[in-house]
Each structure stands twice: as structure tokens, then as C-alpha cells.
Amino acid sequence: MTTPDPLTPVLTRRWGLPRSWSLETYEQHDGYAALRAALAAHPDQIIQLVKDSGLRGRGGAGFPTGMKWSFIPQGPDGAGAKPKYLVINADEGEPGTCKDIPTMMADPHSLIEGCIITSYAIRAHFCAIYVRGEALHCIRRVQGAVNEAYAKGYLGKNILGSGFDLDIVVHAGAGAYICGEETALLDSLEGRRGQPRLKPPFPATSGLYASPTVVNNVETIATVPAIVAGGSDWFRSMGTERSPGPKIYSISGHVERPGQYEAPLGVTLRQLLEMAGGMKDGVPLKFWTPGGSSTPLFTAEHLDVPLDFEGAAAAGSMLGTTAVMVFNETVSVPWAVMKWTEFYKHESCGKCTPCREGTYWLEHILHRMVAGQGTPEDVETMLDVCDNILGRAFCALGDGATSPITSGIEYFRQEFLDLCAAQSAVAQPEQLAELTGVSA
Amino acid sequence: MTLPEGTPETNSAAPAAPQELTWKPVVEEGPPASPMFDELTRQRTKEIIARYPQPRSALLPLLHLVQSVEGFVSQDGIRYCAEALELSTAEVAAVVTFYTMYKRSPCGQHLVSVCTNTLCAALGGDEIYRRLSEKLGVGHEETAGEPGSPGSITLEHAECLAACDLAPVVQVNYEYFDNQTTESATELVEALQRDEKPHPTRGAPLTDFRTAELELAGIHGDLEQSVEGPSAAKETLRGVQLAAECGWVAPSLPAEPPALPPLPEKK
């Protein structure tokens with residue numbers, strides 16, 4: 001097998017075309033050919049294809065997509081007899097993440113075609129695309145694409161003469177990060193406060209309106225037409241054995257050329273930085289996130305970590321949404337951590353105590369520390385609070401809130417302690433010495 | 001410390017028979033239908049509800065619709081949604097107060113949102129927010145000028161607006177203004193105050209907060225016109241461009257989709 005090129009535009013390959021969002025452009029560049037092939041097959045063959053491709057969810061968790069689809073009960077009895085739903089999570093809001101909005105802006109038909117193929121595979125006749133409310137122009141583009149698809153017979157009754165029916169509704173959110181959590185998204189789509197549900201039961205059996213539901217990220221579903229068009233071997237010719245395929249890496253922050261770079265999974269930050277023109281003005285790298293603020297921070301020592309699901313996890317973080325936020329030496333880690341903690345505190349839905357109370361107190365402590373009024377004990381208190389959130393919260397928001405703090409302290413403990421030392425009086429000098437000794 | 005008669009354990013004292021109570025709501029319920037919500041709005045309400053398998057799913061879009069009429073969500077707006085969906089006002093109010101985009105006091109003609117999440121803040125977002133706040137003389141979710149009047153502006157600091165490669169970003173009525181500086185953001189706000197409509201970096205020509213809310217309710221005017229605009233920001237296309245310059249491509253797709261895997265055997 002030959003090594004693929006450093007960048008492999010698949011999802012992004014149409015983005016630079018004139019009026020790339022239009023049906024006309026999409027059809028001129030392979031658009032809706034995959035749908036015809038899919039509709040000619042048995043739905044279970046599509047599920048098998050996606051399983052074989054090894055496609056993993058692009059929304060952060062990396063769950064195998066084909067397996068998720070195969071959990072949908074089929075058949076005339078029990079849960080299988082209920083209507084099935086496809087819900088697209090387009091509530092992009094993880095700090096640093098900016099891949100789904102450009103996808104919907106530049107190439108909404110790839111998402112729509114993916115929705116139709118997926119709905120056919122799981123036997124859904126209603127699909128909702130839950131788009132973040134603040135992304136108004138995306139909503140227009142996606143709605144425009146849906147309208148064009150209806151007019152062309154790709155949506156509605158008896159799609160392309162196949163006998164398959166599908167309706168798609170574009171649904172605007174209302175500004176709640178938590179609705180990116182799939183069960184909170186379902187509650188929100190049902191017209192409720194967006195609070196996560198207890199699992200099990202999982203959405204596969206008891207999702208929207210307590211019916212079998214697949215919830216997938218935009219990038220995941222926009223990849224499906226390419227997999228149908230290219231086959232699983234083609235898809236696996238990019239990326240790694242367990243993390244196959246191309247992935248949009250969103251590079252932001254202190255680099256010369258921030259932007260969207262679609263590379264095979266497993267690319268490293270060193271390679272990405274080179275493509276993005278290096279650090280802005282040559283100021284050295286201090287810390288970065290591999291996939292949004294909920295993934296533990298990395299430092300310059302992680303430049304060669306392969307950015308796939310396994311590589312990021314082995315190095316102590318997560319691949320997340322491949323939102324690569326790059327910060328240079330001028331940025332204070334405690335300050336950055338404080339800003340992220342303000343975010344988690346604001347977005348905590350309040351349903352469970354560890355997250356609601358924990359983020360509240362963490363924010364208070366960090367405000368105090370950054371104002372130069374912290375104590376070395378505060379560092380330990382924060383780690384203790386994080387320990388009481390991680391794994392004890394209702395959903396992953398709580399876990400995510402601890403990531404910047406614990407990783408920030410792990411790699412930059414001294415910087416937190418220096419804030420305390422800056423005070424006129426140190427409350428417990430003997431403890432400060434002890435903690436300083438511990439720091440790596 | 002005085003104790004009530006009897007102890008909890010023995011509960012010896014017979015409780016007095018509760019007096020007949022008549023519950024009086026503290027706030028008198030207003031008239032059920034607000035004249036604000038005219039026939040057109042009622043017609044749109046029906047359209048929105050009809051999109052969904054279950055009516056309650058229409059609540060978020062209906063609240064956007066209410067904001068397009070009122071410029072915020074009032075008690076009247078809450079009652080309107082409650083009636084339309086046969087919910088209690090408490091159920092609707094619980095939803096309204098959960099979501100950041102539903103405003104509880106009247107908004108200006110424009111809503112200016114400055115991203116102050118970490119990355120934008122590090123690149124100048126905090127400074128932009130501070131400058132605009134000083135200039136307008138208002139804080140978070142406060143309005144400069146008479147709400148709704150031309151040139152009135154509601155300011156807010158926003159969480160990550162998902163345009164980090166274009167940081168720092170500002171939105172006006174949820175349209176993106178990318179790569180802002182304190183100067184450009186100040187000029188933007190000054191133009192809005194003069195009742196001008198600067199064109200967003202990406203997106204449709206600027207309207208106002210209420211029109212944007214109508215679109216968020218899924219009621220689009222001339223969508224064929226409003227979808228126009230650039231496909232992507234130039235920054236967004238950097239990866240695509242670099243690939244083109246270097247001749248990097250994904251492995252080529254076959255001319256025809258390859259055969260699908262055989263039907264899995266039933267277990």
C-alpha cells in the first residue's frame with residue numbers, strides 16, 4: 001500500500017469551487033451518484049459497508065459508525081416496529097472546533113446526500129438536522145440544499161423511484177453548548193431544556209420520541225457518500241488501521257496560516273504546523289489542544305504524537321474534534337484555564353451536582369488565583385474538585401471541564417504556584433516549598 | 001429553643017385539621033391572546049408545528065418566532081407558545097430561561113456578540129469586548145439606545161462561535177464578521193449606530209435582530225437570494241489551496257461505485 005499524500009481533500013475537495021453550495025455544482029462533481037448506488041442495494045449492505053470502512057464518529061467520541069447503525073432494532077415486532085429517526089448533530093460549539101460550519105456552508109449537499117443514504121440504511125423516514133442557532137448562514141445553506149433536493153426528487157416520497165420516503169427538517173438550536181451531547185440534543189429537539197438523559201436506555205432503542213434513533217455528527221455523515229463512492233478499501237487507504245480515513249483538522253491560534261486542513265488520520269502537529277506556515281512570528285509553542293478544550297492539553301513535547309484516536313489517547317489526551325488550538329509562549333496557562341472554566345460553568349446544564357457545583361467553585365478559585373490571591377492549597381483543592389467531577393458527572397461535559405485544569409496543572413504546575421508567590425504574603429510558605437519540590 | 005408539641009418520633013399530638021385554602025396566584029394571568037401575535041404569525045405558527053412528528057418539537061422555533069415579533073420573549077410570548085402547544089406557561093418558561101439565545105428583555109435593532117472564549121480572547125476578543133462595552137456604555141446583554149429603534153445595539157460576550165481559524169470573531173445578528181480588531185469592531189458598531197448595514201465577511205446582507213430570528217424560526221424570505229455569498233473564507237480554504245499547489249490529492253475514486261459487500265447472513 002502506498003502512503004497517501006500529506007493532505008487528502010475528500011470532504012473539502014469541492015469547497016473552493018464557485019457556488020460550491022449549489023446543487024448544480026455538487027452534481028457536476030460526483031454529487032448524488034452514491035445515493036443512486038445505495039438505493040439499488042439492500043439497507044443492510046450499506047450498514048456492512050460502513051462497518052467495513054471502519055468509519056468512526058467525527059463528533060469527538062470516535063464510536064464506530066456502522067456499529068451504531070446496526071444497533072437500530074429492525075423487524076416487525078417490539079422496538080423494531082416503531083418509527084426510526086436520524087438526527088444530525090450540527091450543534092458545533094466545542095471551543096476550537098470549526099469544521100462542521102464550513103462543511104455546511106461550502107458543501108451542504110454532501111451532508112444531505114449522507115442523510116438520505118444513512119436514513120435508507122437504518123430505515124428512517126424522518127431526519128432532523130439540529131444546527132447551532134448562531135450559525136445563521138449555515139442554516140440558510142442547509143435549508144436551501146434541502147429545498148433543492150426536494151425539487152430534484154432526492155427527498156420526499158418515492159426517492160428516485162426507489163419507493164423510499166424521507167423528510168428532512170432543519171432545526172435551529174438556541175445557544176446551549178450542552179445540546180451537543182446527544183441525549184441533551186434529543187431533549188432539546190423535543191422542545192425541552194437541553195439536559196442529558198440517563199443511559200441506558202441508549203438512543204438506538206429509546207431516542208427521539210422514545211423511538212430508535214441514530215445521532216451522528218455532520219462530518220461523519222458527510223463522509224458517507226464518499227465511502228459509498230469509493231468503497232471500504234479506498235477509505236482505508238488513508239489513515240491508520242483503527243482510525244481510517246481522512247479528517248478535517250482545524251488549526252487556529254498562534255500559527256501563520258490558520259485554517260482547515262484535511263489530512264489522513266494520524267498526522268502529527270509537527271506536520272500540521274509545517275503546512276500552516278509554522279508558529280506566528282516565530283514565537284515558540286507553549287501548549288495546544290488536539291481536539292477542543294475538553295481534550296487534555298499537550299505541549300511542545302507532543303509534537304510527534306500521531307493524531308488519531310489511539311495515538312492521542314496513548315499520549316494522555318483525546319482526539320476529540322481535531323480542533324487544534326495552538327498557543328504560544330505569551331499566553332498564561334492559568335489564565336487560559338480560567339477562561340475555559342468560565343465557559344464550562346456557563347454551559348453546565350445544572351442537572352447533576354458534581355458538574356454544577358464543581359464548575360462554579362473551580363471558576364471562583366481560578367478567578368482568585370489569576371488575580372494573584374490564590375494559595376498553593378488552591379491547586380490541590382482544584383485537583384480534588386476535578387477528581388470529584390471526573391467520572392461522576394451525568395455526561396461528558398463535566399469530564400471535559402476537568403481536562404484543561406488537570407492537564408494544565410500537570411504540565412504547568414509551577415505557573416499556578418508562581419501566581420501565589422506573587423502575593424505580598426504567602427499563607428503557608430512551608431507548603432509552597434513542598435509543592436514546588438513536587439512540580440516537574 | 002421551643003419545640004412543637006409532641007416529638008417527630010411519637011408524633012403524639014394529633015395534627016389540626018388543615019383549613020380550607022384557596023390558592024391565589026400572585027400574578028394575575030393576563031389576557032390569553034396578545035394583539036402582538038397577528039394572523040400572519042398564527043399562520044406561521046401552524047406551519048412550524050406541522051413540520052414535526054410531535055408538536056412540542058416546535059417550541060424552540062416558536063420561541064425564535066416570538067423574538068421576531070417582540071424583539072425578546074415576554075410573558076405574553078410565553079403564554080402564546082403555551083397556548084399554541086397546549087403546554088403550561090411554566091413548561092415554556094423553563095425552556096426560555098435555559099437557552100442563551102432567548103432574551104428576557106427587549107433587544108436593540110442589532111445584537112452584537114463578541115467571542116470571548118479562550119482562543120478569541122487570547123487574540124484580542126477580550127479587548128474588543130472591553131472597548132465596545134466602554135464605547136456603548138453598556139455591559140453584557142444590555143442595550144445602548146431605545147430597544148428596537150434604529151441604531152440601537154444590544155451587546156453580549158459570547159462563547160465559542162465556531163470560527164476559530166478566523167479569530168477574533170464578532171457576530172451581528174448571528175452573521176460573521178471575521179478577523180476583527182478593536183478598530184474594525186469599533187467602526188462596525190459606529191456604522192450600525194448610524195443605521196448603516198455593513199456586509200458580513202461571510203453570509204447574507206445584514207438585516208436586523210428580528211429578521212434573523214424569523215429565519216431561525218425557519219421562515220425564510222427569498223432563500224434563493226439569501227444563500228448567496230462566498231463558499232468559504234479564504235482561511236478556510238488554505239488546506240485545499242496548499243494541496244492544489246503541492247499536487248496533493250486523496251487516492252482517486254473509482255469511476256463507478258464499487259460493488260457493495262454481500263448481504264450479511266441473518267444470525
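Small disclaimer: the values here were computed from a predicted structure and weren't measured. Proteins come first, then strands; the chains are lettered A, B, ... in the order of their sequence lines, and each starts at number 1.
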### Those residues that, when tested against His140(B), pass ring-ring contact (aromatic ring centres under 6.0 Å, His included) (two or more places apart)
His157(B)
Would you give the length of the straight line joining atom [atom1] of [X] to atom [atom2] of [Y], rounded to the nearest 0.5 angstrom?
X	Y	atom1	atom2	answer
Ile139(A)	His220(B)	CD1	NE2	7.0 Å
Ile47(A)	Leu260(B)	CD1	CG	12.0 Å
Tyr52(B)	Glu190(A)	OH	CD	12.5 Å
Thr236(B)	Met105(A)	OG1	CE	8.0 Å
Glu245(B)	Leu7(A)	CD	CG	11.0 Å
His346(A)	Asn117(B)	NE2	CG	11.0 Å

Which one, [options], leads in non-hydrogen pairs under 4.5 Å with chain A?
options	answer
Leu62(B), Leu85(B), Thr100(B)	Thr100(B)
Ala158(B), Ala233(B), Pro258(B), Ala121(B)	Pro258(B)
Ala250(B), Ser231(B), Ala163(B), Ala232(B)	Ser231(B)
Ala204(B), Ala243(B), Ala244(B)	Ala204(B)
Leu237(B), Leu119(B), Leu87(B), Val95(B)	Leu119(B)
Pro230(B), Pro55(B), Ala167(B), Cys115(B)	Pro230(B)

### Task
Look at Arg140(A) together with Glu175(B) and state whether they make a salt bridge at an N to O cut-off of under 4.0 Å.
yes
#### Entry: Presence of salt bridge, Arg257(A) and Glu235(B), under 4.0 angstrom
no
### Task
Check whether Cys349(A) gets within reach of chain B through its side chain, its backbone, both or neither, counting any heavy atom under 4.5 Å.
both
### Message
Using heavy-atom distances under 4.5 Å, tell me whether Phe235(A) contacts chain B through its side chain, its backbone, both, or neither.
### Response
neither
#### Entry: Residues that Arg104(B) engages under side chain to side chain contact (heavy atoms under 4.5 Å, CB included), provided they are two or more places apart
Gln75(B), Ile78(B), Val96(B), Thr97(B)
Selection from [options] maximising heavy-atom pairs under 4.5 Å formed with chain B:
options	answer
Ser232(A), Ala263(A), Gly173(A), Pro264(A)	Gly173(A)
Ala37(A), Gly194(A), Pro246(A)	Gly194(A)
Trp340(A), Phe343(A), Tyr209(A)	Tyr209(A)

### Message
Give the interface residues of residues 212-219 of chain B toward chain A, defined by a heavy-atom separation under 4.5 Å.
### Response
Ala212(B), Glu215(B), Leu216(B)
In terms of heavy-atom proximity below 4.5 Å to chain A, should [X] be classed as side chain, backbone, both, or neither?
X	result
Leu223(B)	side chain
Glu159(B)	both
Gln54(B)	both
Ser113(B)	neither
Asp126(B)	side chain
Pro262(B)	backbone

Shortest non-hydrogen contact from [X] toward [Y]:
X	Y	result
His64(B)	Ala172(A)	NE2-O, 4.1 Å
Gln45(A)	Pro261(B)	NE2-O, 2.9 Å
Trp335(A)	Ala122(B)	CH2-N, 3.6 Å
Tyr99(B)	Cys179(A)	CE2-SG, 3.8 Å
Arg51(B)	Val169(A)	O-CG2, 3.5 Å
Ala176(A)	Phe98(B)	CB-CE2, 4.1 Å

[X] versus [Y]: any side-chain heavy-atom pair under 4.5 Å?
X	Y	result
Pro9(A)	Trp248(B)	no
Ser188(A)	Leu60(B)	yes
His254(A)	Leu123(B)	yes
Leu136(A)	Tyr176(B)	no
Arg238(B)	Met275(A)	no
Thr118(B)	Phe327(A)	yes
Arg13(A)	Leu253(B)	yes
Tyr261(A)	Val240(B)	no

Show me, pair by pair, the donor-acceptor contacts under 3.5 angstrom made by side chains of residues 93-101 of chain A, not counting sequence neighbours?
from: Glu94(A); atom 1: OE1; to: Tyr177(A); atom 2: OH; distance (Å): 2.4
from: Glu94(A); atom 1: OE1; to: Ser294(A); atom 2: OG; distance (Å): 3.1
from: Glu94(A); atom 1: OE2; to: Ser293(A); atom 2: N; distance (Å): 2.9
from: Glu94(A); atom 1: OE2; to: Ser294(A); atom 2: N; distance (Å): 2.7
from: Glu94(A); atom 1: OE2; to: Ser294(A); atom 2: OG; distance (Å): 3.0
from: Thr97(A); atom 1: OG1; to: Glu94(A); atom 2: O; distance (Å): 3.0
from: Thr97(A); atom 1: OG1; to: Thr321(A); atom 2: OG1; distance (Å): 2.7
from: Lys99(A); atom 1: NZ; to: Arg58(A); atom 2: O; distance (Å): 3.2
from: Lys99(A); atom 1: NZ; to: Asn217(A); atom 2: OD1; distance (Å): 3.0
from: Lys99(A); atom 1: NZ; to: Glu219(A); atom 2: OE1; distance (Å): 3.0
from: Asp100(A); atom 1: OD2; to: Asn217(A); atom 2: ND2; distance (Å): 2.8

### Task
Check the pair Glu134(A), Gln171(B) against side chain to side chain contact (heavy atoms under 4.5 Å, CB included), reporting the backbone distance first and the verdict last.
CA-CA 9 Å; Glu134(A) 293 94 333; Gln171(B) 283 189 331; 3.7 Å; yes
Flag, side chain of [X] to backbone of [Y], donor-acceptor distance under 3.5 Å:
X	Y	value
Asp5(A)	Val249(B)	yes
His171(A)	Ala58(B)	no
Ser57(B)	Leu189(A)	yes
Trp234(A)	Pro251(B)	yes
Arg193(A)	Ala94(B)	yes

### Query
Given Glu228(B) and Arg19(A), is the salt bridge (Lys or Arg N to Asp or Glu O under 4.0 Å) satisfied, shown in steps?
CA-CA 8 Å; Glu228(B) 293 291 333; Arg19(A) 300 186 86 246; 2.5 Å; yes
